[in-house]
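Here is the structure we will look at, set down as structure tokens.
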Amino acid sequence: MKFASSYEAGEYETDIYAAWESSGAFKPKKSKHFTQEGQLSPVDHTYSIVMPPPNANGNLHIGHGLTVAIEDSLIRYHRLLQDETWYIPGADHAGFETWVVYERNLEKQGHSRFEYSRDELYQNVWDFVAEQRGNMELQLRALGASCSWDDLTFTLDDKVVKRVYQTFEKMWKDGFIYRGEKLVNYCPKHQTAFADIEVEHKDEKGKLWDIAYKVIGSDQEIIVSTTRPETLFGDTAVAVNPSDERYTAIIGQSVKLPLTDREIPIIADEHADPAYGTGAVKITPAHDYDDFEVGNRHDLERIRVINDEGKMENVPDAYLGLTTEECRKKVLKDLDAQGLLRGEKKIVHSVAHCYKCGTVIEPTLKEQWFIDVEKLAGLAIRHLKKGEIKFYPENKGKVLINYLEGLKDWNISRQIPWGIPIPMFKKNPENTDENAPEWIYDTRVDEQTIEVDGVTYFRDEDTFDTWFSSSHWPIVCTNWQEGKDNPFYPLNVMETGADILFAWVARMIMMGIYVTGEVPFKEVYLHGLVLDSHGQKMSKSKGNVLNPLDLVEKYGSDAFRLGILRGRSAGLNQAFSEDSVKTGRNLCNKLWNISRFIQSLVDEDNQHILNGNKTNEGLSEDDKGFSPVNSQQSPVQATTKNYRSSEDRLNVVNSTSARRTPIKESPSLVSYATNSMGEDWICREINNARTNLMAQMRDYRFSEAVENLQSLIWDKYADWFIESQKMYKNIPLLKKTLENILVLLHPFAPFVTETIWQNLSWTEGMIINHPWPEELEYDPISAENFDRLRAAISEIRRTYQDIPGNKKYGIIFGDDSLIDDNQVLVQRLTGAPSVIAASGNPKGIRIALAGREIYLDVDEKTVKDYSNALDERILAVGRELDALNARMMNPNYVDKAPAHLVKETQDAIKEKETLINRLKKERELIA
RNA sequence: GGUUCCUUAGCUCAGUUGGCUAGAGCGCACGAUUCACAUUCGUGAGGUCACAGGUUCAAGCCCUGUAGGAACCACCA
């Protein structure tokens with residue numbers, strides 16, 4: 001296969017993905033089907049992640065793109081480490097979200113949900129979703145998600161329902177669940193209740209009205225302030241603060257409720273704030289959370305005046321059936337007519353809205369199923385405080401505990417058909433048998449009535465809150481079973497958006513501990529929102545939405561993944577722009593061209609072999625011939641080649657590795673040896689990048705990992721190593737190092753690395769499950785010498801730029817073995833017309849590096865032109881020297897700082913002094 | 001009111017247990033260019049690390065305070 005001159009991602013990605021998938025690489029190796037029934041022997045290294053299930057009915061958005069980029073990189077990294085990885089994909093029935101879409105369709109067709117039974121509706125939505133499903137799965141593939149598709153879990157799968165019912169039954173028996181008539185967040189449009197977390201509070205302009213209530217048996221009146229005059233029909237008291245002296249005299253008396261014949265008491269309660277409004281407040285226990293509490297304290301009657309459709313009920317005939325809005329107008333008008341409306345004030349207050357349709361949430365008295373959260377959260381808090389889960393970013397652990405400590409009981413009933421039916425049946429109200437329980441648990445939810453012990457029970461028509469079932473996600477996806485070892489539970493990490501810390505992560509933790517006794521995951525990595533390039537939230541209305549799949553199509557999957565990981569850290573909402581995807585694309589292309597070039601060198605080399613010429617490939621270390629570069633090397637370097645024993649090397653691998661056990665020794669197909677400074681240097685750099693990468697992966701520092709690799713591949717491998725190899729080629733080392741680099745980058749750029757791997761002539765198998773590279777062996781002194789050579793070359797280049805006239809001059813070197821031994825390389829990398837040894841005293845501009853005798857062959861006039869640059873240089877070195885001297889002048893520093901730092905400072909001073917003295921001497925000669 | 005976070009280059013952000021001259025990407029300026037790559041190569045300019053104190057031999061990092069900004073939770077009759 002021939003490498004094209006640029007990497008066109010779109011030409012390869014689909015095939016590569018298909019090849020991975022059909023090879024079985026995505027499945028956990030040793031336990032392909034870890035079923036509910038089967039139990040597998042535990043294995044040493046497992047690594048499991050469950051994907052936060054995207055909406056089965058929807059398209060992926062940029063946040064999913066980030067999720068996959070992070071999770072798949074982790075999974076692929078651990079797969080390369082030869083862990084048994086399991087990336088479990090999912091699809092969410094997205095109860096309410098999907099229901100809203102479906103109901104909207106239904107309305108468009110002129111139908112209403114009330115025309116159908118729950119079972120019919122459920123079936124209809126199921127078909128509706130089935131039609132749409134598959135879209136998001138294709139998109140996950142395009143992003144390169146290497147998940148085990150056979151194990152895809154849908155949130156309405158039987159195993160999910162079964163598990164949810166088991167838990168519900170356990171909770172019911174344990175007394176964690178109760179049926180209660182409480183105020184719930186009710187959306188009159190969708191006609192369902194919500195959990196507190198699903199309600200959005202928004203600041204809104206409103207009005208505060210003052211209404212006079214006449215005190216019975218006197219001509220006094222009490223003025224209450226309210227934003228909701230229409231609920232006065234549900235008032236069952238007026239409250240004043242017990243310490244409020246204005247009202248102490250009338251506490252215990254009654255007032256006449258305006259527009260009605262009812263009398264209600266004046267009560268004393270702390271809830272009334274003397275400083276707010278008139279200090280007196282009407283109490284409507286059936287339609288206000290605070291009032292509900294007040295009502296409980298004073299045993300007040302609860303009168304519901306707004307029905308499920310948001311219309312007035314239990315009110316005088318004139319108001320019956322009005323919407324709340326109509327009723328408010330009429331009440332105000334009628335009060336005004338009676339002279340009871342005493343004031344009107346504009347205020348801004350926070351109002352709860354349905355997060356989906358924006359309708360004002362009506363706190364409504366309803367019988368619902370609740371979870372006693374104190375019990376559930378208490379367990380979770382204890383585990384969290386013991387630090388059993390590590391959070392990234394760390395502070396989210398504290399935030400979560402704070403949330404759990406204040407959490408109120410959780411309403412888990414929803415009045416929508418699309419969801420898991422609540423498996424509870426209510427006794428026929430006409431049955432007066434007192435021995436029969438009011439409610440019974442039964443999973444025959446397909447039947448509307450059941451008979452137990454001769455008693456008829458009716459099905460509860462509600463379904464579970466989505467979060468109730470999704471809180472079981474780690475349990476169901478890993479097929480956790482009581483009493484059976486499961487190497488995949490707890491998960492290694494839960495990766496998801498910081499925005500659902502409370503809604504989802506908190507509930508998974510609570511439920512995981514409750515069901516299994518163990519935390520469901522050991523670590524939590526939370527990502528922030530992906531904002532647009534100006535730091536604005538992406539939204540359709542702003543028109544700044546970036547579609548991940550568009551970017552994949554335009555730049556490639558790898559480019560997208562690299563681009564979205566760069567510049568991003570845990571928990572923060574951060575900007576994202578197409579530019580960073582372009583950078584990713586450029587890196588892929590760079591790597592492609594590096595590989596293309598190396599392959600061409602390999603092909604050339606093979607041609608030589610065919611022609612009967614010698615090559616150093618495949619020779620053992622002992623009989624390794626020296627490539628031409630050796631004759632150029634200094635005697636010093638040649639004698640410092642002193643490789644560690646293989647035992648030492650193994651120790652290095654162990655000590656620098658972030659893993660608990662040594663990586664499996666896996667003999668490379670390519671045997672290699674280093675023959676030059678540049679070669680030793682690149683081995684050292686690859687080893688360093690590898691070690692850093694392992695630490696970065698352990699700590700979830702993806703952005704740093706990507707930068708680390710980019711710097712290795714581009715700034716080091718391409719710009720220095722490959723360039724130096726254009727002189728003297730070490731084919732086995734080129735092969736070996738390229739392989740290592742490809743493997744290191746694979747977790748982040750799976751497609752391009754695999755495509756290259758498949759295109760290279762000598763590689764075997766697939767890179768996706770290639771073993772993680774071992775450390776390369778090299779000569780550290782030789783590697784350091786290359787650093788010196790690089791510094792010299794950079795300084796020469798810089799000096800060329802500093803000399804006016806934009807011209808390159810010949811290089812003359814004095815007694816400088818580094819340059820002497822690398823003349824050809826120096827000439828090539830600086831672009832100098834010549835590099836020659838000095839005869840006699842060299843003249844011209846001397847390169848401003850201590851320890852080097854390098855001159856540029858320029859005439860006297862050019863030397864003078866350079867004097868300004870030289871002056872600046874002298875000043876700069878002087879400043880550095882001053883800073884170092886100041887440090888050494890401090891006796892405390894010498895005393896207390898670590899010895900190696902002091903030594904380093906002393907050495908640096910010596911070097912700077914030498915250099916500055918030399919530069920000053922040169923400057924004098926010019927003047 | 002409670003909790004948490006942020007303030008570092010023109011922009012978006014790194015900066016680990018305090019330790020050499022504070023980094024990256026993008027952008028900008030100057031220069032290069034047949035021979036892997038213009039999705040290229042080389043060089044450079046940009047920083048009082050929000051401010052004020054403190055601890056320390058040493059502070060972007062730790063402590064206290066101030067200013068500005070953000071998110072979430074609760075409440076708002």
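Order of the sequence lines fixes the chain letters, A, B, ..., with proteins taken first and strands second; residue numbering starts at 1 for each chain. What you see is a predicted model, and the numbers here were worked out from it, not measured in a lab.
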Phosphate OP1/OP2 of B:C37: any A:W714 side-chain N/O under 4.0 Å:
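No, because none of the side-chain N or O atoms of A:W714 sits under 4.0 Å from OP1 or OP2 of B:C37.
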So what does A:E8 touch, heavy atoms closer than 4.0 Å: a base, only the sugar-phosphate, or nothing?
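Base: the residue A:E8, judged by heavy atoms under 4.0 Å, touches a nucleobase.
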Do A:Y12 and A:Y7 have ring centroids that are under 6.0 Å from one another?
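Between A:Y12 and A:Y7, which both carry aromatic rings, the centre distance is below 6.0 Å.
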Sequence neighbours excluded, which residues qualify as salt bridge (charged side-chain N to carboxylate O under 4.0 Å, His left out) partners of A:E880?
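Applying salt bridge (charged side-chain N to carboxylate O under 4.0 Å, His left out) to A:E880 gives A:K912.
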Considering residues at least two apart in sequence or located in another chain, which fulfil the salt bridge (charged side-chain N to carboxylate O under 4.0 Å, His left out) criterion with A:D499?
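Listed in chain order: nothing, the list is empty.
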Counting Watson-Crick and G-U wobble pairs whose two distances are both under 3.5 Å, find the runs of 3 or more in a row that involve RNA chain B.
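The stems are B:1-7 with B:67-73, B:10-13 with B:23-26, B:28-32 with B:40-44, B:50-54 with B:62-66.
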With distance as the sole criterion, do the side chain of A:K726 and the base of B:A36 form a donor-acceptor contact below 3.5 Å?
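Between B:A36 and A:K726, which were checked side chain against base, a qualifying N/O pair under 3.5 Å is present.
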Residue-level proximity of residues 583-598 of chain A to RNA chain B when a heavy atom falls under 4.0 Å:
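Under 4.0 Å from RNA chain B: A:T583, A:R585, A:N586, A:N589, A:K590, A:N593, A:I594, A:R596, A:F597.
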Using a 4.0 Å cut-off on heavy atoms, which residues in residues 790-804 of chain A reach RNA chain B? List them by number, or say none.
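The stretch gives A:S794, A:R797, A:R798, A:Q801 as the residues lying under 4.0 Å from the strand, ordered by number.
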Apply side chain to side chain contact (heavy atoms under 4.5 Å, CB included) to A:K385 and list each qualifying residue two or more places apart in sequence or on a separate chain.
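Counting only residues at least two positions away or on another chain, A:K385 forms a side chain to side chain contact (heavy atoms under 4.5 Å, CB included) with A:I381, A:I401, A:E405.
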Span that lies between the C1' atom of B:A58 and that of B:C20, in whole angstrom
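Going atom to atom, C1' in each nucleotide, I get 12 Å.
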P atoms of B:C41 and B:A22, separation to the nearest Å:
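Rounded to whole Å, the distance is 27 Å.
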Pair up each side-chain donor or acceptor in residues 276-284 of chain A with any protein partner under 3.5 Å, not counting sequence neighbours, and list the distances.
from   : atom 1 : to     : atom 2 : distance (Å)
A:T278 : OG1    : A:I223 : O      : 2.4
A:T278 : OG1    : A:A280 : N      : 3.4
A:K282 : NZ     : A:T231 : OG1    : 2.8
A:K282 : NZ     : A:D235 : OD1    : 2.9
A:K282 : NZ     : A:T284 : OG1    : 3.2
A:T284 : OG1    : A:D235 : OD1    : 2.8

To the closest 0.5 Å, what do you measure between [atom1] ([X]) and [atom2] ([Y])?
X	Y	atom1	atom2	value
A:I598	A:N593	CD1	CG	11.0 Å
A:K346	A:L208	NZ	CG	13.5 Å
A:I594	A:K590	CD1	NZ	6.0 Å
A:I803	A:L870	CD1	CG	11.0 Å
A:I264	A:L257	CD1	CG	5.0 Å

Looking only at the side chains, is there a donor atom on one of A:Q696 and A:N708 sitting less than 3.5 Å from an acceptor on the other?
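Note: A:Q696 and A:N708 side chains meet the donor-acceptor criterion.
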Without placing hydrogens or testing angles, list every side-chain donor-acceptor pair under 3.5 Å for residues 530-538 of chain A, not counting sequence neighbours.
from   : atom 1 : to     : atom 2 : distance (Å)
A:D532 : OD1    : A:H534 : N      : 2.8
A:D532 : OD1    : A:G535 : N      : 3.1
A:D532 : OD1    : A:Q536 : N      : 2.8
A:D532 : OD2    : A:N544 : ND2    : 2.9

In B/S/- notation, 5' to 3', how is nucleotides 16-23 of chain B contacted by protein heavy atoms closer than 4.0 Å?
B--BBB--
Return yes if some donor-acceptor pair links the side-chain N/O of A:W592 with the main-chain N/O of A:A4 below 3.5 Å, else return no.
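Judged by distance alone, yes, a pair lies under 3.5 Å.
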N/O donor-acceptor pairs under 3.5 Å from side chains in residues 562-577 of chain A, not counting sequence neighbours:
from   : atom 1 : to     : atom 2 : distance (Å)
A:R566 : NH2    : A:Q710 : OE1    : 2.6
A:R568 : NE     : A:I564 : O      : 2.7
A:R568 : NH1    : A:Q574 : O      : 3.3
A:R568 : NH2    : A:A575 : O      : 3.1
A:S569 : OG     : A:Q574 : NE2    : 3.4
A:N573 : OD1    : A:L529 : N      : 2.8
A:Q574 : OE1    : A:S569 : N      : 2.8
A:S577 : OG     : A:D579 : N      : 3.3

Filtered N/O pairs between nucleotides 71-73 of chain B and protein, under 3.5 Å:
none

Would you tabulate the pairs of protein nitrogen or oxygen atoms and nucleotide nitrogen or oxygen atoms of nucleotides 5-12 of chain B closer than 3.5 angstrom?
none

